[in-house]
Amino acid sequence: MSDKPPKIGVNGLTNPDKAGNLMRRTRILGFMKSRWVVVKDKYLFWFMNDSSSDWEGSISLKLAVGVRRDEGATNPGQFVVSMKDGSAETFQADSAEEMEGWLRAVGRCIVRANTSEWDDTSERLEYKRIYCPP
């Protein structure tokens with residue numbers, strides 16, 4: 001299942017849920033590299049810097065199962081976004097406080113990405129209240 005966003009630059013992502021500089025663990029050698037990270041709607045993007053015209057990578061938060069602190073990390077600002085396929089992306093903020101802000105923002109976007117806009121349970125309850133009084 002692929003849910004890739006269109007190629008877009010940092011300037012095209014107006015009103016992000018959160019944006020800032022984080023370290024990101026590379027997949028091949030496992031080094032931490034500085035990247036400009038943007039969370040917007042149902043995606044998490046990373047760019048080379050805050051003026052890049054094209055994202056370097058992205059995560060569809062519809063395919064994520066959660067975000068958590070990396071308890072085994074030596075840096076208190078490290079966190080992991082876990083995916084449904086068992087893969088994960090590791091990021092590192094400058095501090096534990098900054099990491100908490102990222103955990104909240106990414107967590108909110110994961111919930112929004114995986115929650116239907118049409119809440120049929122609420123719709124059914126409202127219909128029953130209006131049309132089927134006790």
Side-chain angles (χ1 to χ4, degrees):
M1 181 174 171
S2 178
D3 188 18
K4 289 285 185 192
K7 288 291 189 176
I8 191 167
V10 172
N11 294 337
L13 295 169
T14 57
N15 301 319
D17 292 278
K18 186 147 182 77
N21 210 27
L22 293 173
M23 301 295 282
R24 178 187 163 269
R25 185 174 310 282
T26 62
R27 289 186 183 214
I28 297 173
L29 297 176
F31 296 128
M32 296 298 273
K33 288 189 172 184
S34 179
R35 293 292 179 256
W36 185 257
V37 179
V38 178
V39 181
K40 173 133 173 95
D41 299 329
K42 61 179 184 173
Y43 295 104
L44 185 148
F45 300 92
W46 56 92
F47 300 85
M48 291 289 285
N49 56 52
D50 64 354
S51 61
S52 293
S53 61
D54 208 356
W55 49 266
E56 184 181 73
S58 69
I59 296 173
S60 168
L61 297 175
K62 287 187 86 156
L63 304 176
V65 292
V67 59
R68 63 175 173 76
R69 292 171 195 81
D70 189 350
E71 300 296 340
T74 56
N75 183 302
Q78 201 160 303
F79 64 97
V80 177
V81 179
S82 301
M83 308 304 289
K84 292 177 183 175
D85 67 2
S87 65
E89 292 287 343
T90 302
F91 297 91
Q92 181 177 307
D94 287 337
S95 67
E97 294 78 26
E98 184 183 352
M99 177 197 62
E100 292 297 329
W102 281 99
L103 290 174
R104 283 189 299 276
V106 173
R108 270 193 314 269
C109 288
I110 289 172
V111 169
R112 278 198 318 251
N114 288 288
T115 303
S116 169
E117 288 183 46
W118 186 268
D119 185 352
D120 64 335
T121 303
S122 298
E123 181 75 14
R124 283 193 314 264
L125 292 173
E126 184 66 12
Y127 178 87
K128 188 174 181 180
R129 186 184 69 75
I130 293 171
Y131 297 106
C132 305

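Under the salt bridge (Lys or Arg N to Asp or Glu O under 4.0 Å) criterion, D17 pairs with R112, sequence neighbours left out. Every residue was checked against the salt bridge (Lys or Arg N to Asp or Glu O under 4.0 Å) condition with E98, not counting sequence neighbours, and none meets it. R25 is linked by a salt bridge (Lys or Arg N to Asp or Glu O under 4.0 Å) to nothing, counting only residues two or more places apart in sequence or in another chain. Q92 meets the side chain to side chain donor-acceptor pair (under 3.5 Å) test with no other residue; sequence neighbours excluded. With sequence neighbours excluded, the residues that form a side chain to side chain contact (heavy atoms under 4.5 Å, CB included) with A105 are K18, R108.
Ring orientation note: the planes of W102 and F79 are close to parallel, at an angle under 30° on the 30°/60° scale.
A distance of 9.0 Å separates CG in N11 from OG in S53, rounded to the nearest 0.5 Å. For the atom pair M23 CE and N75 CG, the distance stands at 9.5 Å (nearest 0.5 Å). With values rounded to the nearest 0.5 angstrom, C109 atom SG is found 8.5 Å from L44 atom CG. Interatomic distance, K62 NZ to N114 CG, rounded to the nearest 0.5 Å: 7.5 Å. Note that the NZ atom of K84 and the CG atom of L63 stand 6.0 Å from one another [nearest 0.5 Å].
The backbone N or O of F31 sits less than 3.5 Å from a side-chain atom of T26, completing a donor-acceptor pair. Between the K33 side chain and the M48 main chain, no donor and acceptor come within less than 3.5 Å of each other.
Taking the side chain as every heavy atom from C-beta outward, V39 and L61 approach each other to under 4.5 Å. Annotation: side chain of R68 is in contact with side chain of S82 (closest heavy-atom distance under 4.5 Å). Between I59 and E89, the closest side-chain pair of non-hydrogen atoms falls below 4.5 Å.
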task = Determine, step by step, whether W55 and Y43 satisfy the side-chain contact (heavy atoms from CB on, under 4.5 Å) criterion, reporting the C-alpha distance in whole Å, the side-chain angles of both residues, the deciding distance to 0.1 Å, and the verdict.
result = CA-CA 11 Å; W55 49 266; Y43 295 104; over 6 Å; no
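Cluster annotation: V106 is connected to M83 through the hydrophobic network of ILVMFWY side chains, with a link wherever side-chain heavy atoms come within less than 4.5 Å. The hydrophobic cluster containing V80 does not contain F45, counting ILVMFWY residues as joined when their side-chain heavy atoms lie under 4.5 angstrom apart, directly or transitively.
Applying the salt bridge (charged side-chain N to carboxylate O under 4.0 Å, His left out) test to pairs two or more places apart or on separate chains, those with a residue in residues 49-60 are R35-E56.
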